[in-house]
Amino acid sequence: MLVIGDDMRIFLSIARSFGRAGKIVEAFPYGPSPALKSRYVAKIHGAPIFETDQDGWRGALLALLREKDFDIVVPCSDPAIIFLDSQRHLLAHQRLAIPDRDAMDVFYDKQETHVLCDELNIPMAPWGRLGPADTAEGLAARHGLPLVFKPRRTFFADKDHSREVVEIAESEAEAQIILAANSEHERYIVEGFFVGDGVGVSVLAHEGKILQSFQHRRLREGRGGPSSFRISESVNPGLLAACAKIAGRLKHTGVCMFEFRHNQNTGQWILIETNARFWGSMALPLRLGLDYPDMLYNLMLHGIKPEEKSYKSGYRSRNFMLDGFYLLKRLRTVNESSAAAWLCEAADFTLQPIRWLMGTEHSDSFALHDLKPALWEFIQVIRKLMASSIPRTTNR
């Protein structure tokens with residue numbers, strides 16, 4: 001099988017899942033990464049680094065897929081998924097773990113997701129298409145503050161970076177700066193901000209019917225970024241019903257993680273977006289016995305539909321490096337009133353090894369059966385910190 005990617009979150013979880021099941025994992029990476037040190041990666045296919053040569057990377061991937069047959073091809077992120085979608089006519093012989101052509105337009109365009117949810121009566125944030133005449137004052141009056149500026153896609157094939165960025169404006173002044181810096185308004189939507197916890201409902205579906213579901217709540221996340229720390233919880237029936245409506249309408253076969261915001265005080269919630277691929281927090285359901293990669297493999301190759309499994313609520317997992325980065329970033333804004341809370345969170349962070357031994361928490365990257373990726377990541381971080389602390393000298 002071929003897994004396209006190299007990150008320490010999605011790619012590493014998939015490689016470990018398939019590898020521990022005895023499957024031969026070949027990797028087609030975007031560039032060098034500690035995740036490629038995993039004992040479960042049997043072969044790494046050489047390719048240009050994606051960030052510096054996107055066309056060369058795509059050409060190398062297409063050449064490989066036309067030359068060699070894989071039992072399944074699993075892309076870990078949007079650039080690969082969007083490219084594979086565009087090359088379906090050349091890759092009919094490959095089994096691609098991506099949504100059907102018609103579903104792609106909804107899953108990978110946030111504007112189309114909004115349109116479908118409006119039709120299905122699924123709550124989302126108030127929104128609108130960003131137009132050339134829109135002003136910060138007008139948008140704030142229409143949607144309130146903060147304002148969320150979202151690219152319609154997380155990746156555009158004609159741009160030279162691998163991920164578009166969601167920006168949040170706390171004031172009209174910040175919104176004006178974002179508008180002034182953006183000349184491609186037609187590629188963006190703007191939303192009002194909904195106060196609540198980030199919640200993910202992850203599913204495996206077959207022809208629109210959900211076969212397995214799992215829910216986690218984010219305990220820490222970057223502002224508009226991925227979660228670094230989360231906890232499993234029982235699936236909210238209302239959220240699951242929303243997922244079932246979308247999966248059913250699109251007749252989706254495959255995995256998908258639906259992102260919600262849920263206000264625990266009011267009980268209200270909205271759908272944020274859909275990710276019809278494996279997700280960054282997948283180490284958590286894997287730890288709890290929900291092996292989504294293996295379930296997808298058996299469904300796509302053998303037509304085996306898994307019986308739905310229950311799982312333990314209240315179990316936590318975190319990405320060690322990302323969570324440490326978020327904590328340090330928050331330290332810059334700590335004041336007298338928030339210092340005690342930050343110190344408690346920092347103490348909680350340092351006690352991770354004890355909870356690993358107690359069986360109440362799990363590390364995304366550290367695993368006794370596969371230590372090299374986490375150790376190499378740690379070494380790289382230390383090297384970067386040491387390099388940044390060395391004073392620069394100039395020739396005179």
Side-chain angles (χ1 to χ4, degrees), residues 78 81-82 85-86 88 97-134 138-139 141-144 146-156 164 166 168 184-215 224 235-263 266-279:
D78 294 353
I81 293 172
I82 291 169
D85 175 55
S86 72
R88 287 179 195 264
I98 64 175
D100 290 341
R101 170 84 285 285
D102 292 341
M104 283 288 298
D105 292 333
V106 174
F107 282 133
Y108 286 91
D109 187 324
K110 292 179 176 61
Q111 178 174 299
E112 295 305 315
T113 304
H114 266 284
V115 171
L116 178 61
C117 287
D118 288 346
E119 182 182 337
L120 296 177
N121 199 30
I122 295 173
M124 294 192 79
W127 74 288
R129 300 172 178 86
L130 192 60
D134 279 325
L139 291 172
R142 197 179 317 152
H143 303 298
L147 286 167
V148 183
F149 293 86
K150 284 186 177 181
R152 291 177 57 173
R153 295 179 178 269
T154 56
F155 171 77
F156 292 104
E164 298 295 322
V166 174
I168 299 175
E184 298 180 302
H185 288 189
E186 71 281 357
R187 294 193 179 199
Y188 282 76
I189 63 171
V190 62
E191 295 178 342
F193 189 83
F194 182 90
V195 177
D197 296 330
V199 172
V201 178
S202 309
V203 308
L204 173 69
H206 178 250
E207 296 180 352
K209 181 181 179 182
I210 292 177
L211 305 175
Q212 178 68 55
S213 60
F214 170 80
Q215 181 169 315
V235 180
N236 181 306
L239 306 189
L240 183 59
C243 300
K245 283 183 181 180
I246 295 173
R249 172 61 67 87
L250 299 177
K251 296 180 172 56
H252 180 53
T253 292
V255 295
C256 188
M257 201 272 277
F258 296 84
E259 291 191 34
F260 296 89
R261 284 274 171 192
H262 178 242
N263 189 309
T266 65
Q268 294 181 315
W269 54 267
I270 62 167
L271 177 70
I272 296 294
E273 64 181 30
T274 59
N275 294 294
R277 53 167 171 74
F278 289 110
W279 48 95

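Keep in mind that what you see is a predicted model, and the values were worked out from it rather than measured. The basis for the numbers below is simple: all heavy atoms, side chains too, and nothing from hydrogens, waters or symmetry mates.
With a 4.5 Å cut-off on side-chain heavy atoms, T154 and N275 do not count as touching. Proximity of K150 to H114: side-chain heavy atoms (C-beta onward) are nowhere separated by under 4.5 Å.
The neighbour count for K251 NZ, taken as heavy atoms of other residues, nucleotides or ligands under 6.0 Å away, does not exceed 12. Within 6.0 Å of the CZ atom in R129, the count of heavy atoms belonging to other residues, nucleotides or ligands does not exceed 12.
The side-chain hydrogen bond (donor to acceptor under 3.5 Å, both in side chains) search around E184 returns K159, not counting sequence neighbours. Residues passing the ring-ring contact (aromatic ring centres under 6.0 Å, His included) test with F107 are H252, sequence neighbours excluded.
Side-chain atoms of N236 and Q215 include no donor-acceptor pair closer than 3.5 Å.
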I'd like to know whether E191 forms a salt bridge (Lys or Arg N to Asp or Glu O under 4.0 Å) with K110, so could you lay out the CA-CA distance, the side-chain angles of the two residues, the decisive distance to 0.1 Å, and finally the verdict.
CA-CA 11 Å; E191 295 178 342; K110 292 179 176 61; over 6 Å; no
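The two residues M257 and S202 have their closest heavy-atom pair at CG-OG, 3.2 Å. Of all heavy-atom pairs between D109 and D105, the closest is CB-O, 3.2 Å. Scanning both residues, V106 and E112, for their nearest heavy atoms gives CA-CB, 4.1 Å.
Not a single donor-acceptor pair under 3.5 Å links the side chain of D118 to the backbone N or O of V115. Side-chain atoms of R261 come within 3.5 Å of backbone N or O of G196 as a donor-acceptor pair. At least one donor-acceptor pair closer than 3.5 Å links the side chain of Y108 to the backbone N or O of A276.
Between D78 and R153, none of the side-chain N atoms (NZ, or NE/NH1/NH2) sits under 4.0 Å from a carboxylate O, so this pair counts as no salt bridge.
The aromatic rings of F260 and W269 stand perpendicular to each other, their planes meeting at an angle above 60°, with 30° marking the opposite boundary.
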